[in-house]
Each structure stands twice: as C-alpha cells, then as structure tokens.
Amino acid sequence: MSQQTTKKTAKLTIGDRELELPLIEGSEGELAIDITSLRALTGVITYDPGFANTASCLSRITFLDGEKGILRYAGYPIEQLAQQSTFLEVSRLLIHQELPSQQELRDFEAEIERHTMLHEDLKRFFGSLPKAGHPMAICAATAGALSTFYQDVKFDDPAEQRWSAAVRLLAKMPTIAAYSFKHSKGQPFMYPRNELNYCENILHMMFSTPCEPYEPDPVVAKALDLLLILHADHEQNCSTSTVRTVGSSQANLFASVSAGISALWGQRHGGANQKVIEMLISILEGKRTAKEFMKLAKKKDSKVRLMGFGHRVYKNHDPRARILKKACDDVLERLGTRNPLLDIAKELEEIALEDDYFVERKLYPNVDFYSGIIYQALDIPIGMFTVFFALGRLPGWISQWLEFNRDPTNRITRPRQVYTGSTERDYVPVSQR
Ligand code: CMC
C-alpha cells in the first residue's frame, strides 16, 4: 500500500529522551504520526481506548471528513452516487476503486445473477434455528456456514478465487436475508428470479409466495437501492475493523464477514436503526413525550440515549442522514402514505439541534435516524432493518478485506494493553483458602 512520505516529523519527549517520529500524509492531507518503531526504540506504547486517534491501516477505498461532513467512495461524493449510481455499480466501484465501463458493469451484474441461489442443503440449516431468532443472528450464522459449503475458500487463494468468494457473498446474502425472514414467517423459501434487478429480487424473495403472482414495486426497489448505496462503506468503523481483524489471522472471507455481521448488530452501531424506530414508537404510543424523552437522553444515569444521534467521526451533519431525511419525504409522497413517526423524528431533531447538550457535544442525526422510517414505509419488518444495513455494508467489508489481503505488508491485528491487575503473588491451594 503506497503512502505519501513527508519531510515533517513529530517530536516526542519521554523523560529526558527526545525522539523524532516520521509523519505520513494521506491523499487528502491527513497527517498521522508513524509510531511503528516507538516501542522498539523506547519500550513505551500508546494508550487509545476505542482507537479514536489511531489509524489501523492505509486505505484507498473511502474518504470521510467528519468535521466537514464529507463522504466519498474512491473520490466520488456520496451525494452524486446516491443520485446517479446503482448499488451494484457502487459495489464494484468499492472493490476496484474505479467506475466500471458499461461492459464491465454488465459482466459484473451477470456474474452476481449466476450465484444468487443457495445450495439446497444450506436451506435446511434455517430449519434448525428457532423461528423467533433475530434475523441478524441467523444471517451471521449462515454467512459463516458458507465456509462449510465452499471449503476450498482460503485467505491466500489466488485473485480469481478471492473474487469468486466475493461474488458469491454479494449474490447470496440477499437470498440468505430473505430466507431468514421467510423462516420467521413459516413461509416457503422463494427461489431468486434472475430477470429482476438486485433489490427487486430481494423484495420478491421476501414478499412473494407460490400461491399468487407478485411484482416488486419499482419505487420500493429504487428506495432500497438508495439505502444500500448510502450504507455501502464507511471506512474503519466497528464492523469493518472486525472484518479486517478476523481476516488478519488469515481466516477466509465468509468467516470474516460473519464476524462483521455480528459486530454490526449492536445498538451503538447498525442495530441503532431498529432502536430508533422502537424509540419513536414508544413516543407515539404516549409512553413519554418527545420533550420528556430528550430530558432523559441528557441524564447520564438514565442510560437512555437519543438513538440515531451522535457519531465517533462526524462532528457535523452526517451527509447520509441529510440525503435520507429528504428521501423520507420523497418516498412517503411517492407511496402516497404518511408516517407519524417522521413528524416525531423531525421534532426530536429540532429540539436536539437547539439544545446546548447536543450542540456542545456536536451530536447530529446519523444514518440510522431516518433510515428506519423509510424501511417502515416500504413494509420491511423492524427485525430486518439491521439486516438491510448489513446487505448495504457487504461490498465495503469485502473491499476492505480484499485490500488487507492484497497488502504485502499486512500483519495480524494484535493491540497491546496496559495491565492493571495484581502484581506477582504465590498460588494458595484451595484447601487453605
Ligand atoms: N444521546 C445522548 N448523549 C449522547 C449520544 C446520544 N445519542 N451520543 C453521545 N452522547 C454523549 C455521551 O454521553 C458523551 O457525553 P459526555 O462527554 O458528557 O460523557 C458524549 O456525547 C460523547 O459520546 P461518546 O459515547 O463518548 O461518543 P463515541 O464516539 O464513543 O460514541 C456513538 C459514538 C455513535 C456510539 C454514540 O454517539 C451513540 O451511542 N449514539 C447512539 C447510538 C447510535 O445512533 N448509533 C449509530 C451510529 S452511526 C451508524 C453506525 O455506525 O452504525
């Protein structure tokens, strides 16, 4: 992985020792102190809980400026991609970091279509899981189970085989996601229909039955495609770092992505989209007013947070949330429906953006704040919201895993710690305790 060398250095003083550390510079001018030789030279390590100040890799995939509210995939602004591209084109862009030609895009779409079916034996796997199981758990388990069906998939495969694992995952995850839903309903699994596009196929596999004809609504499919584009990558977030970390032990792509799905599930990360809707519903049902809820969200000991607000990197408007807020209005209008939850969300946002607590901490709506309202308008069940986040993030996970895999200097992820437990003491036999 290439990096810009710079003549700038950083000086570090430890006791009476002074050390000059090199600075590396990214293509957008970001500076990072290179501490790779720090421990060898000084015996000292750095302490950075949550890695809030630590770059774990050099990457060409996604650029994010949290202060300015900028998000670009391989240089292309998210606003332009959201308006003009498709999810499959964005997926290929993330993997290759170049826009495909018309032929390359057609070939890629055809390749995905060829791999949408699941092995018939894998379908039986769903039957062994409880119907009430959360679809995220089912998806994580099934993505991991792909390793048992494609046992030849390894970390150090040649490029064509790594590509084929990537295509299989992109093609089969919608089928896995839809089957996790069908399983919960006790309905028959529907085979993919390859004449449909990516999102139409997801809708078909989720909502059609063998008993009557079903044609996916193009407005709904287009809205889903937009949601997937907006979630497609977000540089070194929790789930992506997990995928890279698992891959760093040289685990295969399916195992790494399965871990990523689990990491995404938590409510501080992708699971927030489900929690936002549950929060809005609790206000709609009159458990608390919007103002009462906001009071609680500011109280440290309440453990309540305004879900869908705040971000580790964005200290300004999340550009994805801006696009989604507008998309909410558009989708509801095109579907000819109203959602009172949207009014509550807008009220909460208005209160937050004028409240000192949120202003001082630079807490703005994030991607999860408005996405659930669109999913609801599209009749996607609440339990599937985070699954759609996972479907969207999949090309990001894949491209980041492939980038790590290709990097000749890659190393196993192995942070250090500052030990704070007991110092050495002698073992006492149990009979004497
Ligand atoms: N509601 C109320 N207070 C908040 C919120 C919130 N949503 N988010 C952060 N704060 C406060 C927090 O209490 C802390 O206050 P203080 O400085 O007085 O202790 C301060 O703001 C900084 O918060 P933090 O938890 O140290 O920030 P972080 O960067 O570690 O966490 C976060 C980021 C996204 C986990 C957090 O903002 C949060 O829990 N938000 C709600 C959950 C959510 O919407 N998650 C989706 C994230 S975006 C999509 C994705 O990545 O999946």
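Each ligand, and each atom within it, is numbered from 1 in the order the structure gives.
Contact analysis puts G308 in contact with ligand 1, with a non-hydrogen atom separation below 4.0 angstrom.
The residue among K275, K300, H311 with a heavy atom at the shortest distance from atom 19 (O) of ligand 1 is K300. In this structure, of S239, G310, A272, the residue bringing a heavy atom nearest to atom 34 (C) of ligand 1 is G310. When the heavy-atom distances from atom 17 (O) of ligand 1 to R361, K362, R312 are ranked, the shortest goes to R361. Atom 9 (C) of ligand 1 has its nearest heavy-atom neighbour, among T386, L296, L363, in L363.
Between Q236 and Q400, the side chains place a donor N or O and an acceptor N or O closer than 3.5 Å (distance only, hydrogens not considered). Remark: the T240 side chain and the E235 side chain contain no N/O donor-acceptor pair separated by less than 3.5 Å. A donor-acceptor contact closer than 3.5 angstrom links the side chains of D48 and N53.
For the atom pair OG1 of T86 and CZ of R92, the computed distance is 11.5 Å after rounding to the nearest 0.5 Å.
No part of V276 comes within 4.0 Å of ligand 1, judged by heavy-atom distances. With a 4.0 Å heavy-atom cut-off, ligand 1 is reached by the side chain of F389 but not by its N, CA, C or O. Both the backbone and the side chain of R305 come within 4.0 Å of ligand 1, counting heavy atoms alone. At a heavy-atom distance under 4.0 Å, no atom of N237 approaches ligand 1.
At the shortest separation from atom 52 (O) of ligand 1 among protein heavy atoms lies H269 ND1, 2.6 Å. Protein heavy atom closest to atom 45 (N) of ligand 1, with residue, atom name and distance, is R268 O, 3.0 Å. Nearest protein heavy-atom neighbour of atom 2 (C) of ligand 1: A297 O, 3.5 Å. For atom 40 (N) of ligand 1, the nearest non-hydrogen atom of the protein is F309 O, 2.9 Å.
For F254 and F149, the ring centers are positioned 6.0 Å apart or more.
Contact check for L169 versus V257: side-chain heavy atoms found under the 4.5 Å cut-off. A heavy-atom distance below 4.5 Å is found between the side chains of R193 and N201.
Less than 4.0 angstrom separates atom 22 (C) of ligand 1 from none of the non-hydrogen atoms of the protein.
With sequence neighbours excluded, no residue satisfies side chain to side chain donor-acceptor pair (under 3.5 Å) with E67.
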